[in-house]
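Everything on this sheet refers to the single structure shown next.
In what follows, every heavy atom counts, from backbone to side chain, and hydrogens, waters and symmetry copies are set aside. Each chain gets a letter, A, B and so on, in the order the sequences are listed, and its residues count up from 1.
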Number of protein chains: 2
Amino acid sequence: MPSYGQFCPVAKAMEVLDERWTLLIVRELLLGSTRFNELRRGVPKMSPALLSKRLRALERAGVIERTEGKGYALTESGLELRPIVDALGAWGVRWIPQIGQADLDPHLLMWDVRRTVPVENWPRARTTLAFAFSDVAPKDRYWWLVVNGDEVDSCDADPGYDVAVTVATSLRTFTEIWRGDLSWAAALRSGAVKLDGSASLRRQVPDWVGSSLLSQVARPA
Amino acid sequence: MPSYGQFCPVAKAMEVLDERWTLLIVRELLLGSTRFNELRRGVPKMSPALLSKRLRALERAGVIERTEGKGYALTESGLELRPIVDALGAWGVRWIPQIGQADLDPHLLMWDVRRTVPVENWPRARTTLAFAFSDVAPKDRYWWLVVNGDEVDSCDADPGYDVAVTVATSLRTFTEIWRGDLSWAAALRSGAVKLDGSASLRRQVPDWVGSSLLSQVARPA
DNA sequence: CTGTATCCATGGCGATACTG
DNA sequence: CAGTATCGCCATGGATACAG
């Protein structure tokens with residue numbers, strides 16, 4: 001760990017936090033992940049060796065603790081990174097609206113969607129929402145969101161249940177909706193999203209799918 | 001600039017901000033520096049080539065603008081990094097109290113001190129406060145803070161004026177006082193700081209020297 | 001499931017010198 | 001004053017395979 005040679009607290013903080021991937025791991029922990037492979041899902045482009053290395057660095061820095069057989073947990077110090085991560089997210093969503101093609105990833109997106117599904121808006125009986133991303137290679141194109149009571153599952157293989165509604169759109173469009181860059185209303189109006197299902201169910205889809213916590217951040221004028 | 005391959009706003013923000021030195025440059029700009037060589041004083045361990053590179057990256061990212069003949073200025077986007085830098089500083093001062101020997105630097109320290117001197121607490125007539133850092137190599141050991149009305153100068157060469165008070169201490173102790181890790185009262189009591197001058201002037205020294213904005217941050221219990 | 005071990009290419013970055 | 005130019009090392013971290 002290279003030092004900045006400065007006593008300034010910002011510099012000391014960045015010595016711990018500015019290494020590549022580090023704050024994304026903290027973000028995952030703040031979102032509730034605790035196990036190694038759970039963390040991997042949040043940073044899939046990271047090699048396990050590097051993830052392991054970063055976790056040890058965070059442990060040495062006192063930001064996380066390994067708990068016996070229970071994975072990793074943020075310490076008090078780590079929990080206090082939440083305002084920083086939140087502020088970074090708010091800044092990012094305001095000032096970096098351009099999302100490159102390489103930033104789109106259906107696995108990450110559906111992983112995010114899954115953990116924020118507002119189950120209270122869904123029918124009580126098991127309900128399945130299907131997605132077809134027109135611009136994604138066939139093997140990752142189709143996804144199913146199955147809500148059964150309080151349980152939510154996100155599948156990239158057909159679970160075989162009756163589908164209530166199918167959402168047909170591009171991965172980019174659905175990502176933009178998730179991020180709050182685009183509204184359901186606008187996307188439906190323009191035809192960027194097409195819904196297939198009964199009219200009464202179609203109308204509920206926007207309420208079934210949550211959105212990023214950062215979607216509500218005001219955009220610059 | 002390597003990408004994380006994630007649409008998450010935190011990841012997009014970190015693509016811009018997690019490169020080594022970047023947020024320290026932003027910190028300097030937030031503190032009021034605008035010229036290249038002014039910025040260098042705040043990040044003296046950085047090579048000019050690298051500083052130049054980072055400035056161009058920040059410009060491309062829309063965080064700063066070059067203004068004709070006036071150096072660099074934060075854009076609206078850049079100004080909104082203030083809460084992030086502040087939060088990082090607060091976290092750093094709370095959770096990374098250990099300052100290595102290599103983190104101590106009289107130039108950085110006196111540069112910081114100079115820009116926060118509360119001139120309103122000083123006598124109206126030109127007044128000089130001298131420092132002698134016992135544990136610093138002779139050439140960087142002696143410093144003079146000269147306050148004349150609203151003007152503040154920090155010199156590493158004797159300006160030749162009468163000295164009101166001399167502060168004799170270690171660089172570490174004075175850094176700790178500046179950061180708020182140690183109070184003047186405790187340092188004087190323990191003998192870690194010795195003042196030389198008339199009793200009435202000696203008593204004012206703590207009010208003449210400001211302290212880091214972060215010194216007021218509550219420390220963890 | 002939870003990581004380690006190993007290998008290798010890349011390029012980041014530190015040091016130094018130099019220029020308009 | 002405000003940067004470029006050049007060089008070279010070594011660490012970063014990506015990929016892959018493997019182990020407790």
Side-chain angles (χ1 to χ4, degrees), chain A residues 1-6 11 14-26 28-29 32-61 64-74 100 102-103 105 107-108 111, chain B residues 1-6 11 14-26 28-29 32-61 64-74 100 102-103 105 107-108 111:
Chain A
M1 60 160 186
S3 158
Y4 282 117
Q6 300 196 181
M14 288 311 276
E15 285 179 12
V16 173
L17 303 174
D18 75 354
E19 274 187 315
R20 194 167 156 74
W21 296 108
T22 297
L23 277 179
L24 302 193
I25 297 168
V26 172
E28 288 306 307
L29 289 161
S33 293
T34 61
R35 313 307 300 235
F36 191 82
N37 283 348
E38 221 173 350
L39 291 167
R40 286 194 70 180
R41 299 192 67 159
V43 284
K45 298 254 169 53
M46 204 178 178
S47 79
L50 190 52
L51 174 55
S52 173
K53 184 179 172 182
R54 286 288 184 277
L55 287 169
R56 270 180 276 120
L58 285 170
E59 191 182 7
R60 259 184 289 119
I64 65 176
E65 284 170 339
R66 310 190 50 145
T67 56
E68 294 299 317
K70 296 217 140 197
Y72 302 88
L74 291 162
D103 297 326
D105 179 335
H107 293 89
L108 273 174
W111 177 241
Chain B
M1 58 161 187
S3 159
Y4 282 117
Q6 300 196 180
M14 288 312 277
E15 285 179 11
V16 173
L17 303 174
D18 74 356
E19 274 186 316
R20 192 166 157 75
W21 296 109
T22 297
L23 276 179
L24 302 192
I25 297 168
V26 172
E28 288 305 307
L29 290 160
S33 293
T34 61
R35 314 307 299 236
F36 192 82
N37 284 346
E38 220 173 350
L39 291 167
R40 286 195 68 179
R41 299 193 66 161
V43 282
K45 297 254 169 54
M46 204 179 178
S47 80
L50 190 52
L51 173 55
S52 172
K53 183 179 173 184
R54 286 288 184 277
L55 287 169
R56 270 180 277 118
L58 284 170
E59 192 182 6
R60 260 184 290 118
I64 65 177
E65 287 170 337
R66 310 190 50 144
T67 55
E68 294 298 318
K70 296 217 140 195
Y72 303 88
L74 291 163
D103 296 326
D105 179 335
H107 293 88
L108 273 174
W111 177 241

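In this structure, A/Arg40 and A/Leu51 have side chains that are in contact, with non-hydrogen atoms separated by less than 4.5 Å. Using a 4.5 Å cut-off on side-chain heavy atoms (C-beta onward), B/Thr22 and B/Val16 make no contact. For the pair A/Leu55/A/Leu39, a side-chain contact is recorded, criterion being any heavy-atom separation below 4.5 Å from C-beta on.
Using a 4.0 Å cut-off, some side-chain N or O of B/Trp21 falls inside it from OP1 or OP2 of C/dG14. When the side-chain nitrogen and oxygen atoms of A/Tyr4 are compared with OP1 and OP2 of C/dC13, none of them lie within a distance under 4.0 Å. For B/Arg20, no side-chain nitrogen or oxygen approaches OP1 or OP2 of C/dG12 to under 4.0 Å. At the phosphate of D/dC1, neither OP1 nor OP2 sits under 4.0 Å from any side-chain N or O atom of B/Arg35. Listed pair A/Arg54 / D/dG13 meets the phosphate criterion, a side-chain N or O lying under 4.0 Å from OP1 or OP2.
Checking side-chain atoms of B/Tyr4 against main-chain N and O of A/Trp21 turns up a donor-acceptor pair under 3.5 Å. In terms of modelled atom types and a separation under 3.5 Å, the side chain of B/Arg54 and the main chain of B/Arg20 share a donor-acceptor contact.
Atom NZ of A/Lys53 and atom C1' of D/dG13 are 7 Å apart (whole Å). B/Leu51 has its CG atom 17 Å from the C1' atom of C/dT16, to the nearest Å. Whole-Å rounding puts the B/Leu50 CG to C/dT16 P distance at 15 Å. Look at CD on B/Glu59: it is 10 Å from P on D/dG3, rounded to the nearest Å. C/dG3 atom C1' lies 5 Å from atom CZ of A/Phe36, rounded to whole Å. To the nearest angstrom, C1' of C/dT4 lies 12 Å from CZ of A/Arg66. Distance B/Leu55 CG to D/dG3 P: 8 Å, rounded to the nearest Å. Atoms CD (B/Glu19) and P (C/dG11) sit 13 Å apart, rounded to a whole Å.
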Begin with the C-alpha distance, continue with both residues' side-chain angles, and end with the deciding distance and a verdict on side chain to side chain contact (heavy atoms under 4.5 Å, CB included) for A/Leu23 and B/Asp18.
CA-CA 9 Å; A/Leu23 277 179; B/Asp18 74 356; over 6 Å; no
Test log, rule side chain to side chain contact (heavy atoms under 4.5 Å, CB included), inputs B/Leu24 and B/Lys45:
CA-CA 12 Å; B/Leu24 302 192; B/Lys45 297 254 169 54; over 6 Å; no
One pair to check against side chain to side chain contact (heavy atoms under 4.5 Å, CB included): B/Ser52 and B/Phe36. What are the steps and the verdict?
CA-CA 8 Å; B/Ser52 172; B/Phe36 192 82; 4.2 Å; yes
Would B/Ile25 and B/Glu28 count as a side chain to side chain contact (heavy atoms under 4.5 Å, CB included) if you check the C-alpha gap in whole Å, the side-chain angles of each, and the deciding distance to 0.1 Å?
CA-CA 5 Å; B/Ile25 297 168; B/Glu28 288 305 307; 5.6 Å; no
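Overall bending of the helix from C/dC1-D/dG20 to C/dG20-D/dC1, expressed as the angle between end axes built from five pairs apiece, is 60° (10° steps).
Both B/Arg56 and B/Asn37 sit near DNA chain D, but only B/Asn37 has its closest nucleotide nearer the 5' end.
Each of B/Asp103, B/Val43, B/Asp105 was scored for a side chain to side chain contact (heavy atoms under 4.5 Å, CB included) with A/Gln6, with one residue passing: B/Val43.
Checking C/dT4, D/dT12, C/dA5 against every side-chain atom of A/Pro48, the shortest atom distance belongs to C/dT4. Listed nucleotides: D/dA5, D/dG3, C/dG12. Nearest to the side chain of B/Ser52: D/dG3.
Near DNA chain D, meaning a heavy atom under 4.0 Å away, there are no residues from residues 40-47 of chain B.
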